[in-house]
Every structure is written in structure tokens, then in C-alpha cells.
2 protein chains.
Amino acid sequence: MKKTLKARIIETALVLFEKNGYHGVTVDQIVLESGTSKGGFYHNFKSKDELLYHIHDVFISYVLEKAREAYDDFETPVTRLCAIIQSFTKVFDLYKPHITVFYQESMYLTGEFNQRINEKRDDYRKLLTQVIREGQAQGEFRAEVPAEISTMAIIGMVNWTYKWFNKDGPLTIESIARIFNDLLLHSLLTEQAMSQKDVQLFLIKGQPIEK
Amino acid sequence: MKKTLKARIIETALVLFEKNGYHGVTVDQIVLESGTSKGGFYHNFKSKDELLYHIHDVFISYVLEKAREAYDDFETPVTRLCAIIQSFTKVFDLYKPHITVFYQESMYLTGEFNQRINEKRDDYRKLLTQVIREGQAQGEFRAEVPAEISTMAIIGMVNWTYKWFNKDGPLTIESIARIFNDLLLHSLLTEQAMSQKDVQLFLIKGQPIEK
DNA sequence: CTTTTCAAACGGACTAGTCGGTCTGTTTTA
DNA sequence: TAAAACAGACCGACTAGTCCGTTTGAAAAG
């Protein structure tokens, strides 16, 4: 199937937005670089805003779905957490420009668009908090740390990756995901949970990071 | 001493930028809300860019200085790390609008301005990496975790606070700083270092978070 | 102490350029 | 052959920055 103009516009806009920011890119630039015209653009999007919304939605819908899958595919809090972190981190290979736009430009989403994105963002956060709460209730996660703060600490650590991750850098995204899991398990788990066998699989010790 | 117009402009701009983004605020708005005029504005700043630079510089210079003080005031990697985290986190009470602008709008800094800010940002990152490296060399920090990734994980976790911290929320910034330190020490330290007495002071266990 | 002076600080109308969006005409496709 | 897809000239609104006039305040002169 041939690549549609709409897809081409989104791709071009993504690269430009990532580099120059939403307000640093004009519709004329997008039109020029994707080899179309104002007519072509406004036939596919009713405004520049809608294009921004579309980019947001593709990304947040994808990661939210992946997180729910991870939750459903596993049964213990530890494995669920690790699966969610892994699925999220891996998205950087695929959607880094989306993510950059998502965290840099979301404030410029207006009205309806803004609302819809915020709902999904909240759903994601709540799911993560739930996993941590369940882990605390079962005694796997340390109870002295507030679940909401842990949640935001995790989200912060992982999300920040968009500021520095480089595909051609020394580490693959899979290695980074493993390191994140290792750090998180050490910080969140109780001592007895740390010594369990199925947890060991997620730690670095003994299986050093190669690339 | 009476508050200068320049200070009033910066204060007003900060609040507006935080809420609406750099491009969501016009010079006319800033001028109106700070009770001055175009003449007054352009007498104090040679461009809107320079105002943005100024906001960036005030913040990054302050935290960089605080981090260096923290490094000099302490002697072991653990205490240095905790002091740096604490000093940074506490800045949110004072400079939250600056920080928001710093991480949302830095891409719109141009040329010379951009370069000067980036240098200080790098200095900060390097200082943190150095502390971790020294900790690893002395056996306090786990060596199997790459120091650069730990650095970015810490920066991410702490910086992300600007997205969710609320002065009127359930936790003070000091409590959040303590939680961050607890999480980080658990994730970075070796088992034997964790059991040392001076480390215990930074942990939550036994001294529950109150507010 | 009063007056003069002059530069810095500030007010505000105006402008030149930019950019999102429209409109009409043409081509492609089913 | 009609409707969908696209081209591109055009427009109106908006905004960073300018320009010139006015005020202020402090130092110098009388």
C-alpha cells in the first residue's frame, strides 16, 4: 500500500517539531518539505492544532494500550511493573519524536483536544499507581514510600529519556530498560522480595550490560 | 529598596510563561500586566529572547552554585549526593516557574544565549556523574550500573517534579526531597554501604513522612 | 536653597513582516 | 462524471520591535 499524503505530512511535521518546536515550524515549511501544498494540508487537517493533537493521540494511545496489555499478561506486581517499564522504554525506538512533541508542546493543545489527551495521561498514571499499591498490600513493595510519589518518580525517570537518548549512542534502548528496572526494583522492593528468584531475572547482577 | 521595573517585568513574564508558554504570551500582555509600556520593556531588554535567556540564567546559575557548595561542604559520595539532591529539590519552592520555563522553552533560545545555558547545564550533569563515579570507585555505589545512566535517571526523577509538584499539595518539598533520597540510596548503594550508620539518617525507615 | 540641564527611564502610536487559514480552480480517481 | 484530492495565490489578523515624544531625578551651576 502506497504511503498516503496524510502520513507523509505527519512524518515531516514530527521531524520538524522535534527539532524546532511547534511554534518554530510554519505550515508553509511542513507543506514544502512534505512536497504538497496548503490545499493538500488543509484537506487532511482542519487546523495545525489538529495535527498536533493527532501526534499526541497516536503516542499516548499506543503506550496506554501496551501498559494495559502488560498488566493483563502478568500476575504479580513486580512482573507487572517491570513489563510496563519495559514496554514504555522500548517505545523510544519507535516514537521518540512523538514523545518529544508530547512533552514539549502539550500545553498548546486547546479545549477538546487538550481534555482528551489529559484523560489518557491520567489513566496511565493511575494504572501505575495501582500496581504499586497492590505491591505494597502484598508486601513486595516497601510501604513507607508513598505510592503517588513513587509513581511520579518512575514516570519522571523514564520520560526524561527523551531528553538524552540517542539511537546511535553506546547503549541500546533494551539495555537502558534493564538498567531502569534494576534501579527501580532496588528502590521499591522490600528486602525479602528482593531475594526471591523471579526478581533476580530482572536485575543486572551477574548479567552485565553489554551494549 | 524599591522594586525595579525590570524585576516586575520578569516576575510577570514568569507567571504568564508558566501558564501559557513562551509563544502563548505576547510582549503586549507582559507590558499590560506589569503596568508598563513597550518603551519600558525594550528599555530593559533588547528583545523578548533576552528576557527568556535571563530567566534561564538566574535559575541554572543558582542551582549550579548550590550543587558546588554541596560538593565542597561534604566529603563522602553518599553525603554529597544527598546534599545535591536536597538542594536541587528545595529549589522548587523558590523557582518553580523558572524551572518550568527552563524545561519547556529552552529550545527557543537562540545562538549565543543557547550556548551559554547549555554550558552550565553540562557542568551540572558532569558534577553529578563525578560524584557517582567517585562513589563507585570507593565501593559505596554499585559498580554494575553505568554512572551516566544513573545520572540521567536522577536528573529525570528530580526534574520531572516541575510537572506535578503543588505547593498546596499534601507533601512539603522537604518531604519529597527525603523520599527521593531514600529511593536513590536504595537503588544506587551496595548492601554494605546501606548498612552504615551515616546512611541511615537519609532513609525514611523509622522516621515516617509526616507532611 | 533654587534653578538649570541633560541623560536615563518610560509612554504609546505606528510599522513591517509573518503566518494560519481560505478560496477558487485544476487534476485524479473510482 | 461527479466527488474527492490537491495546487497555489491571496488575505486578514496578529505581534515583535521601532521611533519619537514626554517625564523624572540627580548633579551642576548660580
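All of these numbers come straight from a predicted model, not from anything done at the bench. Chain letters run A, B, ... following the sequence lines, proteins first and then strands; every chain starts at 1. Just so it is clear, the values below take in all heavy atoms, side chains as well, and ignore hydrogens, waters and symmetry mates.
Distance alone, capped at 3.5 Å, is enough to place a donor-acceptor pair between the A/His186 side chain and the A/Asp182 backbone. Using a distance-only test at 3.5 Å, with no hydrogens or angles considered, a donor-acceptor pair links the side chain of B/Lys163 to the main chain of A/Tyr103.
Rounded to whole Å, the distance from CG on A/Asp49 to P on C/dC19 is 16 Å. For the pair B/Arg8 CZ and C/dC10 P, the interatomic distance rounds to 8 Å; values are reported in whole Å. Rounded to an integer number of Å, the gap from CZ of A/Phe41 to P of C/dT22 is 11 Å. Rounded to an integer number of Å, the gap from B/Leu32 CG to D/dT15 P is 13 Å. Atom CZ of B/Phe45 and atom C1' of C/dC10 are 14 Å apart (whole Å). To the nearest angstrom, C1' of C/dG20 lies 13 Å from CD of A/Gln29. Following rounding to the nearest Å, A/Lys48 (NZ) and C/dT18 (P) show an atom-to-atom distance of 15 Å. Look at CG on A/Leu51: it is 15 Å from C1' on C/dC19, rounded to the nearest Å.
The aromatic rings of A/Phe45 and A/Phe41 lie tilted to each other, with the angle between the two planes from 30° to 60°.
Nucleic acid contact for B/Val25: sugar-phosphate only, since backbone atoms but no base atoms lie under 4.0 Å from a heavy atom of the residue.
Nearest-nucleotide positions on DNA chain C for B/Leu5 and B/Asp28 put B/Leu5 closer to the 5' end.
Listed pair B/Ser47 / D/dA16 fails the phosphate criterion, with no side-chain N or O lying under 4.0 Å from OP1 or OP2. Between B/Ser37 and C/dG12 there is no side-chain N or O to OP1 or OP2 distance below 4.0 Å. For B/Asn44 and C/dA8, the shortest distance from a side-chain N or O to OP1 or OP2 is not below 4.0 Å. Proximity of A/His43 to the phosphate of D/dA5: a side-chain N or O atom is located under 4.0 Å from OP1 or OP2.
Under 3.5 Å, the side chains of A/Asn118 and A/Arg121 contain a donor-acceptor pair of N or O atoms.
Nearest nucleotide to the side chain of A/Tyr42, out of D/dA16, D/dC6, C/dG20: C/dG20. Picking from C/dC10, D/dG17, C/dC19 the nucleotide with the shortest atom distance to the side chain of A/Thr26 gives C/dC19. When each of C/dG20, D/dA5, D/dA16 is scored by its nearest atom to the side-chain atoms of A/Val27, the top-ranked nucleotide is C/dG20.
For A/Glu75, there are no salt bridge (Lys or Arg N to Asp or Glu O under 4.0 Å) partners two or more places apart in sequence or in a different chain.
B/Glu33 CD: 12 or fewer foreign heavy atoms inside a 6.0 Å radius.
A donor and an acceptor atom never sit less than 3.5 Å apart when one is taken from the side chain of B/Lys38 and the other from the base of C/dG11.
Residues B/Met152 and B/Arg125 form a side-chain contact, since some pair of their non-hydrogen atoms from C-beta on lies under 4.5 Å apart.
Applying ring pair (Phe, Tyr, Trp, His ring centres under 6.0 Å) to A/Phe102 and the options A/Tyr108, A/Phe59, A/Tyr53, A/Tyr95 leaves one that passes, A/Phe59.
Listed by residue number, the members of residues 102-111 of chain B with any heavy atom below 4.0 angstrom from DNA chain D form an empty set.
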